[in-house]
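Notes to accompany the following structure.
Chain identifiers are assigned alphabetically (A, B, ...) following the order of the sequence lines, protein sequences preceding nucleic acid strands; residue numbering begins at 1 within each chain.
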2 protein chains.
Amino acid sequence: MLKRSISFLRSLNLMRLREGIQATRPTSSQLHHMISERKRREKLNESFHTLKSLLPSGTKKDKASVLTTAREYLTSLRAQVAELSKRNQQLEARLPPAAKEAYNEEAAAAAGSSNERVSVTLTRAVSESTPDQDQQIFDLQVVLRSVECCTEDLVIRILEFLKQVNNVSLMSMEANTWMSGSDSNVNRVILRLRVDQGTEWDEAAFQEAVRRVVADLALNNCRNQ
Amino acid sequence: MLKRSISFLRSLNLMRLREGIQATRPTSSQLHHMISERKRREKLNESFHTLKSLLPSGTKKDKASVLTTAREYLTSLRAQVAELSKRNQQLEARLPPAAKEAYNEEAAAAAGSSNERVSVTLTRAVSESTPDQDQQIFDLQVVLRSVECCTEDLVIRILEFLKQVNNVSLMSMEANTWMSGSDSNVNRVILRLRVDQGTEWDEAAFQEAVRRVVADLALNNCRNQ
DNA sequence: GAGGACACGTGATGC
DNA sequence: TGCATCACGTGTCCT
C-alpha cells in the first residue's frame, strides 16, 4: 500500500529523468505493457500466497522456500497415498472371505431359481476405496449341486483353469460343502480375482469358460460313477 | 544457452551505453549484485521445473499454471489421503468381527514367532454342534511366506495331498494372499477337515506330512526361479 | 556495509 | 498486428 505509492512516485521520477535524457517516448503502448506486466506479477504473487497457505504452517514466506517445501510436501503426500492404498488393498484382500450373505443370497436367488446343477456368476466387486486404478476386482462364485463330486476336485479344476489365464490372479477364495436334502450335497466356491487392466478382458467369455470347465468336470464325474 | 550469450552481449552493450551517458559507475559491487540476482533467478526457475515435473503430466509449463495446478493437485492429494484414511479405519473396524483374529493371532504367535517360511498348525475344532459323534473335526492352517509361489499352486498341492488321505474329507476352506513388507507376499490357507473315526489317525504325522508337502512345493518353486 | 529477497520497467519471443 | 509470457538489470528494503 504505502510502498506502492512510494515506488509509483519513484517510477514517475525515473520516467521524467529518462524523458529528459532520451526525449522520445511512445507511452501509448508502453504504458499498457507496463500495467499488464504489473497485473501478471500480482496474479503470480497471489498464487504464491494461496499456495503457501496450503503448505504446513511453519513455512518460510520465502518464494523459493514455498516452491521447495511445496515439492517436498507433495512427494510426502504421494507417498502417503501409495502407502494407504497398499494397506487398503491388503485389508480388502483379507476381508472378503466373510463373503457377504446379502450378496450370496442374491446370487443364490439368481442362480438357484434355475434348477441347473452348475451355476457360475461373476460380479464386479464394489471396491469403494480403490475405484479405478490399473486393476479391477471380480468375485466369481461357482455352485455345483446334486453331483457326487468332492470339493477338492472342483477347487483344483477351477484353480488349474485360472492358472492358464495369464492376466488374472487370485486374491482370496473360500469353499464350502454341505448336504442338501436327502443325499445330494452342494459345493460352493467363491473366488476374488484381480484382473490386470490393459489386456483384453471379456467378462462374459470368462464366465462361460469357467462354466464349461465346471460342467465338464461334473459330467466326467457322473460317468465315472 | 544461445539466448544466454546473446542477452549477455546485449547487456554489455547497454552497460557501455549507460557508461557513456551517466559517467559515474561503481561497477565493482553492481556486477556482483547482477550475478547474484541471476543466480537467484536460476535457482527459482530450477525449483519451478522440478515442481512441474512432479505435477500430472499434462501440465502447462506456464509459471502461473504450475502454481495453480500445484495447488489443485495438492488439495486433491489431501482429499485422497483423508478418504483413504477414513476407508482404512472402516476396514480395520470391520476386520476383527471375522472372529478369526484371535485364532489367527494364536496361530501366528505359535508359528510366526518362528521365522520359518512355512508353518503348518493343526488344531482340534471345538465343534459346538456335533460334540463327539463318529467323526472329529480339525482346522488345518498353512502359512507360506516370502516365497514367490502363487496361491493357486499352494492350494492345489494341499488338496491333491488331501485326496490321497482316504479317511479325511474337506468340509470347507479359505485362502488369502496379501503383501507383507516390501515385496514378499504371504499365502494363508485354512481348511476344516472331517476325520472319519475308527481308522487310525496320527495327528502329528498328518501335520508333518502336510508340512513336508508344502515345504517341498516352496523349495521347487524357489529352484524354478 | 555485505548479502539476500522483491518489485519494478523493459526488451525479446512465441502465438 | 496485438497479446501473454519470460529473462534481464536495477533500485530498494531488511537483516
Side-chain angles (χ1 to χ4, degrees), chain A residues 1-53 55 57-72, chain B residues 1-53 55 57-72:
Chain A
M1 177 78 75
L2 192 137
K3 307 270 188 76
R4 195 64 156 192
S5 49
I6 291 183
S7 64
F8 184 67
L9 289 180
R10 199 168 283 281
S11 70
L12 278 186
N13 287 338
L14 282 183
M15 284 186 66
R16 300 276 167 78
L17 283 179
R18 300 201 176 178
E19 281 184 36
I21 295 179
Q22 291 188 351
T24 64
R25 162 206 34 148
T27 336
S28 52
S29 67
Q30 284 287 31
L31 194 140
H32 187 58
H33 183 37
M34 211 184 76
I35 61 179
S36 178
E37 178 69 9
R38 202 185 294 242
K39 281 270 187 181
R40 189 181 90 93
R41 272 195 295 259
E42 287 178 0
K43 204 168 74 178
L44 239 160
N45 282 335
E46 264 185 27
S47 296
F48 261 108
H49 285 117
T50 56
L51 180 57
K52 183 177 68 65
S53 67
L55 296 181
S57 55
T59 312
K60 307 280 285 184
K61 67 177 181 177
D62 197 350
K63 246 169 186 171
S65 301
V66 168
L67 288 183
T68 56
T69 54
R71 174 169 62 87
E72 296 171 359
Chain B
M1 176 75 78
L2 192 138
K3 308 271 186 78
R4 197 62 160 188
S5 49
I6 291 183
S7 63
F8 185 67
L9 290 179
R10 197 169 285 282
S11 69
L12 279 186
N13 287 338
L14 282 182
M15 284 186 65
R16 300 276 167 77
L17 282 179
R18 300 204 176 177
E19 282 183 36
I21 296 180
Q22 292 189 351
T24 63
R25 162 209 33 147
T27 335
S28 53
S29 67
Q30 284 287 33
L31 191 141
H32 187 56
H33 184 37
M34 211 184 75
I35 61 179
S36 179
E37 178 69 8
R38 202 186 294 241
K39 282 270 186 181
R40 190 181 90 93
R41 271 195 297 260
E42 285 180 0
K43 203 169 75 178
L44 239 159
N45 281 336
E46 264 186 28
S47 295
F48 261 107
H49 285 117
T50 56
L51 180 57
K52 184 177 68 63
S53 66
L55 294 182
S57 56
T59 312
K60 309 277 286 184
K61 66 178 182 179
D62 197 350
K63 244 169 188 172
S65 301
V66 168
L67 288 183
T68 57
T69 53
R71 175 169 60 87
E72 295 170 0

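- Atom CG in B:Leu67 sits about 12 Å away from atom P in D:dT5, given to the nearest Å.
- In the interface, the side chain of A:Glu37 is not paired with the base of D:dC3 through any donor and acceptor atom under 3.5 Å apart.
- In this structure the side chain of B:Glu42 never reaches within 4.5 angstrom of the side chain of B:Glu46, judged on heavy atoms.
- For B:Lys60, the side chain to side chain donor-acceptor pair (under 3.5 Å) test picks out no residue, with sequence neighbours left out.
- Close to C:dG4, at under 4.0 Å from its OP1 or OP2, lies a side-chain N or O of B:Ser36.
- Looking at A:Leu67 and B:Leu67, their side chains come closer than 4.5 Å, going by heavy atoms from C-beta outward.
- D:dA4 atom P lies 12 Å from atom CG of B:Asp62, rounded to whole Å.
- Put simply, A:Lys63 has a side-chain N or O that comes within less than 4.0 Å of OP1 or OP2 on C:dA7.
- For the OP1/OP2 pair of C:dG9 and a distance below 4.0 Å, the side-chain nitrogens and oxygens of A:Arg41 include at least one atom meeting the criterion.
- In this structure, B:Asn45 reaches the D:dA7 phosphate: one of its side-chain N or O atoms is under 4.0 Å from OP1 or OP2.
- Note on B:His32: a side-chain N or O is less than 4.0 Å away from OP1 or OP2 of C:dG3.
- Interface remark: the B:His33 side chain does form a donor-acceptor pair with the D:dG11 base, using a distance-only criterion of under 3.5 Å.
- For B:Leu44 and C:dG4, the CG to P distance is 14 Å, given to the nearest whole Å.
- Between the NZ atom of A:Lys61 and the P atom of C:dG4 there is a distance of 18 Å, rounded to whole Å.
- Look at CD on A:Glu46: it is 16 Å from C1' on C:dA7, rounded to the nearest Å.
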task: Could you provide the dot-bracket string of DNA chain D, using ( ) for intrastrand pairs, [ ] for crossing pairs and | for bases paired to another strand, with Watson-Crick or G-U pairs below 3.5 Å?
output: .||||||||||||.|
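- Residues passing the side chain to side chain donor-acceptor pair (under 3.5 Å) test with B:Lys63, sequence neighbours excluded: B:Asn45.
- By the side-chain contact (heavy atoms from CB on, under 4.5 Å) test, B:Glu37 is found to be paired with B:Arg40, B:Arg41, residues two or more places apart in sequence or in another chain being considered.
- If you measure from atom CD of B:Glu42 to atom P of D:dG9, you get 11 Å, rounded to the nearest angstrom.
- A distance of 8.5 Å separates CG of B:Asp62 from CG of A:Leu44, quoted to the nearest 0.5 Å.
- Among the atoms of the strands shown, none is found under 4.0 Å from any heavy atom of B:Lys43.
- For B:Ser36, there are no side chain to side chain donor-acceptor pair (under 3.5 Å) partners, not counting sequence neighbours.
- Rounded to an integer number of Å, the gap from CE of A:Met34 to C1' of D:dT5 is 18 Å.
- Between B:Arg38 and the phosphate of D:dG9, there is a side-chain N or O to OP1/OP2 separation shorter than 4.0 Å.
- For the pair A:Arg40 CZ and D:dC6 P, the computed distance is 5 Å after rounding to whole Å.
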